[in-house]
Amino acid sequence: MATVSLALGLLPCSSSSTRLSYTSLRFPASNSANSLHLSSSASISAPLLRQKLCTAPSPLPPTLRPLTIVSAKGYKMKTHKASAKRFRVTGRGKIVRRRAGKQHLLVKKNTKRKLRLSKMHPVSRSDYDNVIGALPYLKVNRNAK
């Protein structure tokens, strides 16, 4: 097993009166049961052996920190651009949409009907899951009445 703690200037404690520091990271050899697993929660899960360590004088500068492993972030969800142009959120968190029927053949529709069709209309509660699935970063208040 390769130990990272010696390279960082951390040595195992021999006496109990010394000051404790960070734990050492031991990476197991290429064993499939003890291999590193990347997860979408931006962390690496691996069986790490913990060992009490104390600081000792080291030739390394004191500004170096212990080894920190950073993994890639999870999948970035994509916004459905056609839905983003059709829906928006009000100040109270409701999703609103335009009414259909105001694009063409407006001569035969009376003024009252055209005015009604031009107003924004709230999205039905049964369609909220579909809209939120297409627009994952929409700030929606699901409890808004």
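Remember, predicted model here, so these are calculated numbers, not experimental data. Residue indices begin at 1 and follow the sequence shown.
For the pair K114 and L106, the minimum side-chain heavy-atom distance is below 4.5 Å. Looking only at side-chain heavy atoms (C-beta outward), V140 and K94 stay at 4.5 Å or farther from each other. The closest side-chain heavy-atom distance from L117 to Q103 is not below 4.5 Å. Inter-residue side-chain proximity for R98 and H121 is flagged as unmet; no heavy-atom pair is nearer than 4.5 Å.
Under a 3.5 Å cut-off, the side chain of Y128 and the backbone N or O of I95 do form a donor-acceptor pair. Remark: side-chain polar atoms of K109 are paired, donor with acceptor, to backbone N or O of G101 under 3.5 angstrom. Side-chain atoms of D127 never come within 3.5 Å of backbone atoms of N130 as a donor-acceptor pair (strictly under, hydrogens ignored).
Across every non-hydrogen atom of L115 and S118, the tightest pair is O-OG, 2.8 Å. The minimum heavy-atom distance linking V89 with K139 is given by the pair CG1-O, 3.3 Å.
The side-chain hydrogen bond (donor to acceptor under 3.5 Å, both in side chains) analysis of residues 77-92, with sequence neighbours excluded, yields the pairs H80-S83.
Atom CZ in R116 sits 6.0 Å away from atom CZ in R99 (nearest 0.5 Å).
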